[in-house]
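Let me begin by presenting the structure, written as structure tokens, before commenting on it.
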Amino acid sequence: MLLLTSLLAVAVAAANVNAQSATPIYVDPLVPTGTPLVGNYTGPLRPQIHFSPPVNFMNDPNGMFVDAEGVYHLYYQYNPLEAVAGNQHWGHATSRDLYHWVNQPIALFPGNTSEGIFSGSSVVDVNNTSGLFPDQDNGVVAIYTLNTPNDQSQNLAISYDSGYTFEKYEDNPVLTIGSTQFRDPKVIWYAPTQRWVMVIAYSQEFAVGIFTSENLLNWTEASNFSYHGLLGLQWECPNMVEMPMENSTETMWVMLISINPGAPLGGSITQYAPGSFNGTHFTPVDSVARIADFGKDNYAGQFFYGIPGDQPQISIAWASNWQYTQAVPSGPLEGWRSAMSLPRINYLTNATRVGYRLVSLPYDLSPVISSEPLQSNDNLGNGTVLVDFTDLESKVIYFELNITNIPAVNASGTANFTFLSSITGESLSGGQYLFGDTPFWLDRGQLRGFDSDPFFTDKFSTNVLYDPETSAFTMSGVLDRSLFEVFLQGGEQSATITLYPEQPLDIMVLRTAGLNEGVGVSAAVWGLDSAWADYTDENGTVVGNVTTGAGSSNGSSQRMKRETVLGRSKRLY
Ligand SMILES: *[C@@H]1O[C@H](CO)[C@@H](O)[C@H](O)[C@H]1NC(C)=O
Ligand SMILES: *[C@@H]1O[C@H](CO)[C@@H](O)[C@H](O)[C@H]1NC(C)=O
Ligand SMILES: *[C@@H]1O[C@H](CO)[C@@H](O)[C@H](O)[C@H]1NC(C)=O
Ligand SMILES: *[C@@H]1O[C@H](CO)[C@@H](O)[C@H](O)[C@H]1NC(C)=O
Ligand SMILES: *[C@@H]1O[C@H](CO)[C@@H](O)[C@H](O)[C@H]1NC(C)=O
Ligand SMILES: *[C@@H]1O[C@H](CO)[C@@H](O)[C@H](O)[C@H]1NC(C)=O
Ligand SMILES: *[C@@H]1O[C@H](CO)[C@@H](O)[C@H](O)[C@H]1NC(C)=O
Ligand SMILES: *[C@@H]1O[C@H](CO)[C@@H](O)[C@H](O)[C@H]1NC(C)=O
Ligand SMILES: *[C@@H]1O[C@H](CO)[C@@H](O)[C@H](O)[C@H]1NC(C)=O
Ligand SMILES: *[C@@H]1O[C@H](CO)[C@@H](O)[C@H](O)[C@H]1NC(C)=O
Ligand SMILES: *[C@@H]1O[C@H](CO)[C@@H](O)[C@H](O)[C@H]1NC(C)=O
Ligand SMILES: *[C@@H]1O[C@H](CO)[C@@H](O)[C@H](O)[C@H]1NC(C)=O
């Protein structure tokens, strides 16, 4: 499959060299321009409602923005040639619902073999502040780190077609300090001062630089936010985002910093700080270190540009960990490595005892829920829900468990779930204790597809309190073949983990026991639709937004006709 892909890529690249001979935009002839790489999304480890790249290696989400037509653009750190990191490009995919993704042609290419197009962000320059878009209000500017052996500098790429194709800005770089540890610019618009604001990591100095600009071209240093919370060994991929506080008309600002290596559980993780922002300075509410996920596979999350700060924000993170991402078995078995997290809805809440928490919940799942629950019981008591989903082709499960009327004193009982393989008996399990400080545990250690890596930590736990006033506890989760995400107490805590069973997990058991008399238990388990199946052709291939009608290209003046081939697309476009 890899060989076939490469041969196809050579043919496609050759055609495009002719079409674009005036401005060669890539070096490696194996990397296709103007057409997406094709993908096989049928493998037993391939997530079906999460984004993953068509082939080879992906890491950080980049450049996320929502355009005026409501299309979400996701770019990503991409090595199109191998299933390990390196050779960084910006891959690209689009979606209207954040579950059905259309693979687009690669958006940004390194200029030569010693360059890497590292992480960054995108904005829509609606008012033409840059002067680069005299005739349009949908010009897109990508701000990325160009990595070279001597320098990490900040560069712009310009798109006149709403983010599908880019040209590099002619006066790059726009910001450089001559450092090899200065990266991952995330730019937003701050209306009160009518300025663009960039946050960027001085990675090994444990500082986030805040820069401002009137035009995206000239940047002024405004302040630093440094030595806050956890250090690890490097800070990366900062985000600063305005979002609502639950039950409040006030918004707050949140600074998110990704740490790698040196996370408390090893490798990579993201911490955040709620606070305020006045156009130049971010001021945290306190000095607390808050971690965004209690699993080990949630890193470099980014927020979509273009969502007003008084609305819940939408984020997507890379669902892996640098400690083992380049060794996981989806590479040799299926030719790809790494998926993104579920799209998440985010806002702040005031959680019991601990105060500010970043709520993280799945974005509206209804586009992938087309049927009634496989099982549901709104009066489970001490009971068991058994779901055999061997016949569910997607193998994607969503479940909810609500427990109500928990007594304020002497609460007791447990609620556990187990996903099993009917073939091997391997399992993924987790559970909640409903007493004391309500510990929750998660165990991916009973799976056999990737069990010898010493960094592939197999057990996780946290504590999340229920609100004594509502006396209620909620848990929900999504299993998507090689990914599992769990959300506790309305998303006050969440965990993202990868998992590699030898055979598919296809049985679920949800069990409660020892609950106090009068406690209410409501549970439901859904089988979700595969989003990728909608785009898969008769040969099992996802081709993405391909260029057709190009034929043998005869010069750069020929405009290629684009046509979308989406297999048996059911509901989109
Ligand atoms: C797609 O992947 C599956 C599982 O890895 C494999 O069985 C199938 O042959 C592949 N299809 C193609 C067209 O390569
Ligand atoms: C690659 O491009 C950089 C500019 O980004 C240039 O400085 C360097 O000399 C080039 N290297 C090669 C091997 O061409
Ligand atoms: C665009 O201009 C309007 C009107 O001056 C202003 O309110 C808005 O903040 C500007 N937005 C951007 C992104 O430039
Ligand atoms: C702004 O940046 C551009 C190039 O990106 C440069 O030509 C211009 O001189 C700069 N202007 C100022 C005021 O620094
Ligand atoms: C922003 O906050 C900083 C730090 O508190 C302060 O020095 C600065 O004057 C403030 N700027 C404005 C415009 O209020
Ligand atoms: C927000 O308000 C709702 C409705 O009154 C309530 O159920 C919920 O507990 C409140 N949340 C917080 C964090 O106060
Ligand atoms: C959270 O709620 C507690 C208890 O009601 C209150 O004392 C505290 O001030 C609140 N904190 C925030 C950040 O709203
Ligand atoms: C849940 O798992 C814990 C830990 O293994 C165990 O103590 C408890 O009995 C289990 N509860 C149920 C309902 O299976
Ligand atoms: C659960 O079982 C215990 C006995 O083990 C019983 O006392 C309690 O009432 C039951 N709880 C519910 C909610 O049915
Ligand atoms: C669980 O509670 C949430 C509200 O908190 C509700 O939307 C959902 O339908 C409930 N699920 C079940 C299975 O009762
Ligand atoms: C599927 O594969 C067959 C055999 O290689 C080929 O003839 C056919 O065109 C392919 N179908 C699509 C939609 O590419
Ligand atoms: C395919 O790409 C073109 C731009 O080249 C874009 O206009 C069109 O919306 C894309 N179609 C889909 C379904 O993404």
Side-chain angles (χ1 to χ4, degrees), residues 63-73 111 120-146 151-160 162-163 166-178 182 185-200 207-228 238-243 250-255 273-287 303-311 313:
M64 289 162 48
F65 77 99
V66 55
D67 72 22
E69 266 81 57
V71 174
Y72 292 90
H73 291 256
S121 51
S122 297
V123 297
V124 185
D125 189 10
V126 288
N127 294 329
N128 190 28
T129 62
S130 64
L132 297 164
F133 305 104
D135 304 318
Q136 61 184 114
D137 60 7
N138 65 346
V140 176
V141 176
I143 308 96
Y144 63 93
T145 297
L146 181 71
D151 188 28
Q152 290 185 332
S153 65
Q154 314 324 314
N155 290 246
L156 306 184
I158 317 301
S159 175
Y160 299 102
S162 198
F166 286 87
E167 293 168 15
K168 290 175 185 170
Y169 176 53
E170 57 185 6
D171 285 328
N172 278 333
V174 295
L175 178 60
T176 177
I177 58 166
F182 181 55
K186 172 69 173 146
V187 176
I188 56 171
W189 175 252
Y190 187 70
T193 55
Q194 295 288 293
R195 294 284 189 283
W196 300 101
V197 176
M198 175 195 293
V199 288
I200 183 167
V208 174
I210 299 178
F211 289 76
T212 61
S213 176
E214 288 176 46
N215 57 10
L216 296 164
L217 310 178
N218 307 90
W219 291 92
T220 305
E221 195 173 1
S223 68
N224 277 352
F225 177 67
S226 62
Y227 277 87
H228 184 94
N239 278 237
M240 189 178 64
V241 59
E242 187 180 17
M243 64 175 70
E250 305 280 299
T251 61
M252 289 189 70
W253 288 78
V254 180
M255 180 73 84
S276 57
F277 179 65
N278 69 2
T280 56
H281 291 69
F282 174 80
T283 308
V285 292
D286 56 30
S287 58
F303 288 78
F304 279 101
Y305 175 84
I307 299 173
D310 60 358
Q311 292 174 27
Q313 296 298 297

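Both counts, for ligands and for their atoms, begin at 1 and track the order of listing.
Remark: ligand 4 atoms within the under-4.0 Å shell around heavy atoms of Tyr169 are 4 (C), 5 (O). Atom numbering of ligand 5 starts at 1 in the shown order; those under 4.0 Å from a heavy atom of His281 are 1 (C), 2 (O), 3 (C), 4 (C).
For the residues Leu216, Asn218, Asn215, Val174, the heavy atom positioned nearest atom 3 (C) of ligand 4 is part of Asn218.
For a threshold of 3.5 Å applied to N or O pairs, the pair formed by Trp189 and ligand 3 contains at least one separation below that value. Between Asp171 and ligand 4, no pair of N/O atoms sits closer than 3.5 Å. Between Asn127 and ligand 3, a contact under 3.5 Å exists for at least one N or O pair. Remark: ligand 5 and Asn278 share an N or O pair separated by less than 3.5 Å (distance only, no angle test).
Nearest heavy atom pair, residue Ala273 against residue His228, reads CB-NE2, 3.7 Å.
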query = Could you walk me through whether Val187 and Tyr305 pass the side chain to side chain contact (heavy atoms under 4.5 Å, CB included) check?
reply = CA-CA 8 Å; Val187 176; Tyr305 175 84; over 6 Å; no

task = List the steps and the verdict of side chain to side chain contact (heavy atoms under 4.5 Å, CB included) for Tyr160 and Asp135.
result = CA-CA 10 Å; Tyr160 299 102; Asp135 304 318; over 6 Å; no

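Side chain to side chain, Ser153 and Asn155 meet the donor-acceptor criterion of an N or O pair below 3.5 Å.
Contact annotation for atom 10 (C) of ligand 3: protein present (non-hydrogen atoms, distance under 4.0 Å).
Residue, atom and distance of the protein heavy atom nearest to atom 5 (O) of ligand 5 are Thr283 OG1, 4.5 Å. Atom 7 (O) of ligand 3 has its closest protein heavy atom at Gln194 NE2, 4.1 Å.
The aromatic rings of Phe65 and His73 sit parallel to each other, their planes meeting at less than 30°, with 60° as the upper class boundary.
Aromatic pair Phe211/Trp219: ring centres not closer than 6.0 Å.
Side-chain contact between Trp196 and Tyr190 is absent, with no heavy-atom pair separated by less than 4.5 Å. Using a 4.5 Å cut-off on side-chain heavy atoms (C-beta onward), Val199 and Asn239 make no contact.
For Val126, every heavy-atom contact with ligand 3 shorter than 4.0 Å involves the side chain, none the backbone.
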